[in-house]
Structures are given as structure tokens and as C-alpha cells.
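FYI, the numbering just counts along the sequence from 1.
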Amino acid sequence: MFANGQTVVQLLEQLAPKHIAMENDKIGLQLGTLQKEVSKVLIALDVTDEVVDEAIALGAQLIIAHHAIIYRPLAKLDTSTPAGKLYEKLIKNDIAVYIAHTNLDVADGGINDWMADMLGIPAEGRSSLEDVHTDKLYKLVVFVPKSHHEQVLQAIWNAGAGQIGGYSQCSFNIDGISTFKPGDSAKPFIGEQGKQERVEEVRIETVVPHSVHRRVVQALLKAHPYEEVAFDLYPVELKGRVFGLGRVGKLAAAVKLRDLAVKAKEAFDVPALRVVGDLNRDVRKIAVLGGAGSRYVRHALFAGADVLVTGDIDYHTAHDAAQAGLAIIDPGHNIEKLMKPRLASWLQGELQQRKYATEAIASTLNTEPFQFL
């Protein structure tokens with residue numbers, strides 16, 4: 001059985017939910033429909049004419065890309081322009097395009113974590129360069145008959161409830177007596193119509209992140225035996241998980257800037273890169289940021305980083321960084337291509353786990369616009 005396009009996207013959003021993207025970022029469905037069966041999903045960095053041809057040759061019905069194909073509202077759709085021809089080809093071949101951009105950047109286990117992994121920055125002790133989203137927390141209170149207490153508890157935990165910092169499956173449980181009287185139209189799980197019942201129940205209290213609260217409520221209603229489930233969901237002041245752009249962390253031991261640059265060149269598979277700073281200096285605290293990083297030099301300095309690994313550093317920013325004592329390794333914007341095999345592998349695993357025959361395939365095309373002579 002093939003997955004519906006909407007199902008594929010829902011799986012993706014477990015890794016990179018839309019609400020953690022930066023404000024006004026162009027993400028989500030940009031062209032086509034998700035209301036169809038999808039046998040093949042092509043994972044791409046950019047959606048170019050050649051990438052669309054690749055999708056057509058593969059028989060893909062959906063492209064999941066990192067960079068948007070529509071940046072601003074369209075006043076018209078002129079199919080004689082390069083962009084118009086691209087949209088026309090996608091529409092005629094019934095290929096939908098879905099964008100995961102900064103939400104995939106900041107996600108735990110997303111692009112910036114992949115970059116850090118490839119440079120050997122330990123996961124323990126990593127922090128973000130800039131916090132962009134804090135997940136709001138809710139308190140969930142639900143009343144469950146004792147016979148189904150453990151069943152409901154496990155269901156809401158599996159859906160994402162009960163996480164506080166480094167602790168999972170957090171809850172508080174109190175025994176009590178509930179009363180109710182089923183009406184004439186009721187179909188009670190316990191009791192009889194018109195007769196008051198007194199039932200031993202457990203009051204469960206737990207925290208639920210905003211990002212998964214709908215999923216938790218759905219799991220609760222599915223696991224709970226009652227026809228009418230008594231539960232409360234209200235906001236609390238406790239701070240939830242913070243999602244941030246970029247990563248900062250310390251290597252196990254200091255290395256020469258030259259050696260780190262060579263490692264970055266090999267890890268990110270680029271023919272050349274630019275380096276700012278003394279190649280023989282020792283660096284240990286590393287900041288990484290996928291995409292264009294000129295705006296984040298100050299963030300790296302504030303974090304105490306020795307070197308910032310990012311793309312698209314302009315001339316004047318490079319001078320400012322050098323004067324401030326921050327080394328820079330610029331392997332280019334295109335290194336975000338690392339997301340293709342990793343996201344395809346992650347998504348394929350999620351699809352297989354749910355017994356879908358849909359394939360997630362990494363684009364093999366290089367969309368780097370620059371040539372190096």
C-alpha cells in the first residue's frame with residue numbers, strides 16, 4: 001500500500017514541524033496537491049528544471065525540497081518565463097512540491113545537527129546559535145477508570161506527553177471516585193441509562209508540548225474506553241523545549257584550523273572552500289550554520305566560538321570576523337545538499353515502519369550554481 005501525500009508530509013513534520021520555522025519562511029506545500037497516492041518521493045535541495053526531469057524519470061509524485069520555488073506572491077503565471085515553465089512542467093506531470101526550510105534547519109536531528117555530526121562535534125553539550133522557537137507547554141488532566149489507567153497512560157506517553165527536560169513519562173496519578181448518570185441517548189461503557197454510577201477512577205496529570213498536543217488528545221480519545229471523555233488541557237508557565245538555528249559545541253580536543261578546513265572539505269564534498277584566520281591556530285569550540293551565515297558572526301562570537309563554519313560570507317563580514325578573532329570556514333551554501341541522503345533515509349525508515357510501499361529517494365543531481373576553475 002502506498003502512502004497518501006498528506007501522510008508523507010505528516011511523517012516529515014514529526015522531524016521538522018512547520019511551527020518551528022522562522023517567521024515568514026516560505027515552507028509547506030507550494031505547488032500541487034497532497035491528496036493523492038505517492039509511490040515515490042524525491043528529496044532535493046533545489047527544484048530546478050533538471051530535478052523535475054529526474055522526478056519525472058523516476059515516476060515521483062512528490063518532491064520534498066529545502067529551498068522554496070515560490071518566494072513571493074505571484075501576480076500572474078506566465079509559462080513563457082523560466083519559473084513559469086517550471087511550474088507548468090510540474091503541474092502537467094502532477095508533481096507536488098513541499099518545502100522544509102528553516103524548520104528542517106532548527107529541528108533536533110536536522111540539518112544543523114547533521115553538519116555538527118560530520119565535523120565530529122559531540123551531541124552532548126551542543127547549543128544553538130540563536131533561539132527561534134520555544135514550545136509552549138500544556139497541563140493535561142484526564143480521568144480514567146482503573147481498568148484502563150495503564151493503557152491510557154502508555155498511549156499519551158507514546159504520543160509525546162510527559163516530557164520535562166531530560167525526563168520522559170512524567171505524570172502524577174491520584175485515585176478517586178467519579179459519579180455520573182447516563183441519559184436516555186447515552187451508550188455507557190460502565191453503568192446503565194438513568195442510573196447513577198460511582199466508579200473508581202484515576203486522575204492523570206501530565207505535561208504536553210504544543211507541537212504534539214493534537215496527537216496526544218487523539219491518542220487519549222482512542223485509548224480511553226468512555227463514550228464521553230472528561231479531560232482538561234490548559235497552558236502552564238513552565239518553559240518547554242527550545243529550538244534554535246545553528247549549533248555550537250566543543251571538539252574532544254583542539255585541532256589546527258587548517259586540519260578542520262580539510263575535514264570540512266572532505267565531509268561536505270566540496271571542490272574548494274574559503275578560510276578566514278591563521279591556518280596554524282588551534283580551534284576547539286565550533287559553530288556551524290547551514291546556508292548563508294554572515295548575519296550570525298556576532299552570535300558565534302557571543303557563544304565564544306573559535307571558528308564559524310557556514311556559507312555565503314561576504315568580504316566585509318570576513319574582515320570584521322578576522323579583526324574580532326573569529327576564524328571562518330566557508331564551504332558554500334550548497335553544502336546543505338547533505339540533507340538529501342539523510343532525510344531520504346529517515347523518511348524511508350518511517351514509511352517502512354508503517355508498512356508503506358512508498359519510496360523516498362535522494363536526488364543525485366548537483367545543483368551547485370558555481371563552477372570552480
query: What's in the same ILVMFWY side-chain cluster as I27, cut-off under 4.5 Å, chained through other members?
result: none

message: Under the side chain to side chain contact (heavy atoms under 4.5 Å, CB included) test against I95, which residue among V47, L42, I63 passes?
response: I63

statement: Closest non-hydrogen atoms of Q30 and I69, given as atom of the first, atom of the second and distance, are OE1-N, 2.9 Å

message: Taking L86 as the starting point, is it possible to reach L58 by hopping between hydrophobic residues whose side chains are less than 4.5 Å apart?
response: yes

task: Please report the shortest heavy-atom distance between V255 and L251, naming the atom on each side.
output: CG2-CD1, 3.7 Å

task: Determine whether P331 and V309 make a side-chain contact, defined as any pair of heavy atoms from C-beta on separated by less than 4.5 Å.
output: yes

Matching residue for R247 among D105, D117, D113 - test: salt bridge (Lys or Arg N to Asp or Glu O under 4.0 Å): D113

message: Checking the side chain of K26 only, and the main-chain atoms of N24 only, is there a donor and an acceptor separated by less than 3.5 Å?
response: yes

- request: Among residues two or more places apart or on two chains, list those pairs meeting ring pair (Phe, Tyr, Trp, His ring centres under 6.0 Å) that have a residue in residues 157-178.
  value: none

- prompt: Does any N or O in the side chain of Q61 come within less than 3.5 Å of the main-chain N or O of K40, such that one atom is a donor and the other an acceptor?
  reply: yes

message: Is it the case that over 12 heavy atoms from other parts of the model lie below 6.0 angstrom from the NZ atom of K139?
response: yes

- line: For residues 329-348, the ring pair (Phe, Tyr, Trp, His ring centres under 6.0 Å) pairs (sequence neighbours left out) are H67-H333

message: My understanding is that only residues two or more places apart in sequence, or in another chain, count here; which of them pass salt bridge (charged side-chain N to carboxylate O under 4.0 Å, His left out) with R203?
response: E205

- prompt: With a 4.5 Å heavy-atom cut-off, do R126 and I121 have their side chains touching?
  reply: yes

- prompt: Between the main-chain N or O of A230 and the side-chain N or O of H224, is there a donor-acceptor pair closer than 3.5 Å?
  reply: no

task: Could you please spell out the steps behind the side chain to side chain donor-acceptor pair (under 3.5 Å) verdict for T179 and Q196?
output: CA-CA 7 Å; T179 62; Q196 188 191 65; 5.0 Å; no

query: Would a distance-only check, ignoring hydrogens and angles, find a side-chain to backbone donor-acceptor pair under 3.5 Å from N4 to Q35?
result: no

task: Answer yes or no: are there more than 12 heavy-atom neighbours, outside R298 itself, under 6.0 Å from its atom CZ?
output: no

message: Under the rule for side-chain contact (heavy atoms from CB on, under 4.5 Å), what residues qualify as partners of Q323, not counting sequence neighbours?
response: none

- line: Nearest heavy-atom approach of N173 to S171 is ND2-OG, 3.1 Å

message: With heavy-atom distances below 4.5 Å as the criterion, would you say the side chains of R284 and D282 are in contact?
response: no

- prompt: What residues, two or more places apart in sequence or in another chain, satisfy side chain to side chain donor-acceptor pair (under 3.5 Å) together with R241?
  reply: D108

query: With a cutoff of under 4.5 Å between side-chain heavy atoms, which Ile, Leu, Val, Met, Phe, Trp and Tyr residues group with L301?
result: I20, M22, V106, L129, V132, F243, L245, V248, V276, L289, Y296, V297, L308, I313, L326, I328

field: Within-4.5 Å side-chain heavy-atom neighbours: Y87 and T79
entry: no

field: Joint hydrophobic cluster, L233 plus I204, side-chain heavy atoms closer than 4.5 Å
entry: yes

- prompt: Would you say R215's side chain and A159's backbone share a donor-acceptor pair under 3.5 angstrom?
  reply: yes

Salt-bridge present (K89, D49; N to O < 4.0 Å): yes

task: Please report the C-alpha distance between T7 and R354 in whole Å, then the side-chain angles of each, then the deciding distance to 0.1 Å, and finally whether the side-chain contact (heavy atoms from CB on, under 4.5 Å) criterion is met.
output: CA-CA 11 Å; T7 301; R354 292 160 179 80; 5.9 Å; no

query: Is a donor on one side and an acceptor on the other found under 3.5 Å between the side chain of K340 and the backbone of L365?
result: yes

message: Taking the side chain as everything from C-beta on, heavy atoms only, tell me whether I190 gets closer than 4.5 Å to P188.
response: no

task: Could you list all the ring pair (Phe, Tyr, Trp, His ring centres under 6.0 Å) pairs where at least one residue sits in residues 349-373, not counting sequence neighbours?
output: none

- request: Sequence neighbours left out, what passes side-chain contact (heavy atoms from CB on, under 4.5 Å) with A327? Give chain and number order.
  value: L257, R281, V307

Residues which pass side-chain contact (heavy atoms from CB on, under 4.5 Å) with H319, listed by chain and number, not counting sequence neighbours: Y315

field: Side-chain donor/acceptor of D314 to backbone N/O of H316, under 3.5 Å
entry: yes

Any L137 side-chain heavy atom under 4.5 Å of P209 side chain: yes

message: Test your reading of the model: is there a side-chain donor-acceptor pair from T358 to the backbone of V38, 3.5 Å cut-off?
response: yes

same_hphob_cluster(V41, M1) at 4.5 Å side-chain heavy-atom cutoff: yes

message: In the structure I gave you, are the side-chain heavy atoms of N334 and V270 within less than 4.5 Å of one another anywhere?
response: no

message: Let me check something: do L104 and I361 share a hydrophobic cluster, defined by ILVMFWY side-chain heavy atoms less than 4.5 Å apart, either directly or through other members?
response: no

statement: For E37, the side-chain contact (heavy atoms from CB on, under 4.5 Å) test, sequence neighbours excluded, returns F2

task: Spell out, as yes or no, whether a donor-acceptor pair under 3.5 Å connects the side chain of H66 to the backbone of A100.
output: yes

statement: F268 and K337 have their tightest heavy-atom pair at O-CE, 3.3 Å

- prompt: Between C170 and T206, which heavy-atom pair has the shortest distance, and what is it?
  reply: O-OG1, 2.7 Å

- prompt: Which of parallel (below 30°), tilted (30 to 60°) and perpendicular (above 60°) describes H148 and F189?
  reply: perpendicular

Show the atom names and distances, to 0.1 Å, of all donor-acceptor pairs under 3.5 Å that link a side chain in residues 8-19 to residues at least two apart or in another chain.
from, atom 1, to, atom 2, distance (Å)
E13, OE2, Y98, OH, 2.4

- prompt: Does any non-hydrogen side-chain atom of V51 lie less than 4.5 Å from one of D46?
  reply: no

- request: Report whether I335 and L119 are members of the same hydrophobic cluster (ILVMFWY, side-chain heavy atoms less than 4.5 Å apart, transitive linking).
  value: yes

- request: Would you indicate whether K181, at its atom NZ, is surrounded by more than 12 heavy atoms from other residues, nucleotides or ligands within a distance under 6.0 Å?
  value: no

- prompt: Can any side-chain N or O of K256 pair as donor or acceptor with the backbone N or O of N280 at less than 3.5 Å?
  reply: yes

- request: Take Y226 and V199 through the side-chain contact (heavy atoms from CB on, under 4.5 Å) test and state the conclusion after the steps.
  value: CA-CA 12 Å; Y226 284 0; V199 180; 3.8 Å; yes

